[in-house]
Amino acid sequence: MAAVEEYESILRHYFADSPPCFDLVFLGFGVDGHTASLFSDDSKWNETQQWVSGVQKSTEDFPRMTLTLPLLNQTKMALFLVAGNKKADALQRALKPIGGKAMLPANQIRPSSGQLNWFVDAFAFPSQDDTRYIEIASSILAADFAHLADQVDEVTRSGAHRLHVDVMDGHFVPNLSIGTPIIRSLRKVTDLMLDTHLMITDPDSFLETFAECGSDSLIVHLEGNHNLHRTVQKIRNLGKQVGVVINPATPACALEEILEDLDQVLVMTVDPGFGHQTFIPSTLPKIRLVRSIIERINPLCELAVDGGING
Ligand code: ZN
């Protein structure tokens, strides 16, 4: 973009080619953790030399131009303003970077003189005992695949907080569903968090592929996984959020030893393998039990339910 080069040269001329020190850099925060139009899926977001960069998102029909980290970090104070429950997931990731790594552009805002402030509302950062805070993850399994982008748009406008993608391999569960091409396509049309629920034998062999195609979290089954700790660490090392799912017949206590390493526990409320099944009522006491174990071992871990959930 010619405008980027022009703005860069204007700034460099004005500041005599030496970055200024701003008093305040005031920033927003997107549902995907972007800030100042710096997006983690754009190769220029961690630019170290240029002061200005341009970005054209495939989901937008307008170009963006922004200052880059070398300039934004030259400030006495940086201040984020974050509001709304759609930001809650990304905010957790920003405040608690996975594996100690800075995964989001917002994590790279580090003022040269050290003052970084977050102003967040109660929806973006609900207290852990706020039982009113519930997120809806819309299942892609229920979509009309011939009109997937429209369906994603519809659930987004209806208030869905994230998308849940059920991957079935015909071995781990007696059904086949979708794979990486669909997730890749979804990634192009949504900024919502993409949870990928892997109902597959030997998930370790496919973790990199599912991470690379755009999943934000990878959820693996406790059942049949003989090296769950290794699988969980592998997902962590890929920079993704980690979930473990248990089937209706698996006891809640089976989670205790792995819970400390998880971002999400998913309790199946139907036997996995098919959509449109009926909720199994006997899973209700287990959900309560899982909640109490989470509170005791890892209160930041999310609790999710999957199967036959109706409004
Ligand atoms: Zn699922």
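Read the numbers this way: they start at 1 and go in the same order the structure lists the ligands and their atoms. Values below: every heavy atom of this structure, side chains too, minus hydrogens, waters and symmetry copies. Throughout, numbering of the chain's residues begins at 1 and tracks the sequence.
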Peer 1: For the Zn ion (ligand 1), which N, O or S atom of Asp306 is at the shortest distance?
Peer 2: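 Restricting Asp306 to its N, O and S atoms, the minimum distance to the Zn ion (ligand 1) goes to OD2.
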
Peer 1: Can a donor-acceptor pair be found, under 3.5 Å and without considering hydrogens, that links the side chain of Gln56 to the backbone of Phe62?
Peer 2: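 Answer holds: yes.
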
Peer 1: Check whether Thr250 reaches the backbone of Ile246 with its side chain - one donor and one acceptor, N or O, closer than 3.5 Å.
Peer 2: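 Judged by distance alone, no pair lies under 3.5 Å.
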
Peer 1: Using a 6.0 Å cut-off, check whether atom CZ of Phe22 has over 12 heavy atoms from anything other than its own residue.
Peer 2: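 Result for CZ/Phe22: enclosed.
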
Peer 1: By atom name, which N, O or S atom of His197 is the nearest to the Zn ion (ligand 1)?
Peer 2: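 Distance check against the Zn ion (ligand 1) picks out ND1 in His197.
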
Peer 1: Just verifying a value: how many Å separate Phe145 CZ and Ile178 CD1, rounded to the nearest 0.5 Å?
Peer 2: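 Going from CZ on Phe145 over to CD1 on Ile178, the span is 4.5 Å.
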
Peer 1: Among the N, O or S atoms of Asp166, which one sits nearest to the Zn ion (ligand 1)?
Peer 2: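 Minimum-distance N/O/S atom of Asp166 relative to the Zn ion (ligand 1) is OD1.
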
Peer 1: So which of the N, O or S atoms of His164 lies nearest the Zn ion (ligand 1)?
Peer 2: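 Minimum-distance N/O/S atom of His164 relative to the Zn ion (ligand 1) is NE2.
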
Peer 1: Which value, rounded to the nearest 0.5 Å, describes the distance between Asp263 atom CG and Asp216 atom CG?
Peer 2: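 It is 11.5 Å, given to the nearest 0.5 Å.
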
Peer 1: Let me check your reading of the structure: within less than 2.8 Å of the Zn ion (ligand 1), is there an N/O/S atom from Asp195?
Peer 2: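 No - counting backbone and side chain alike, Asp195 has no N, O or S atom under 2.8 Å.
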
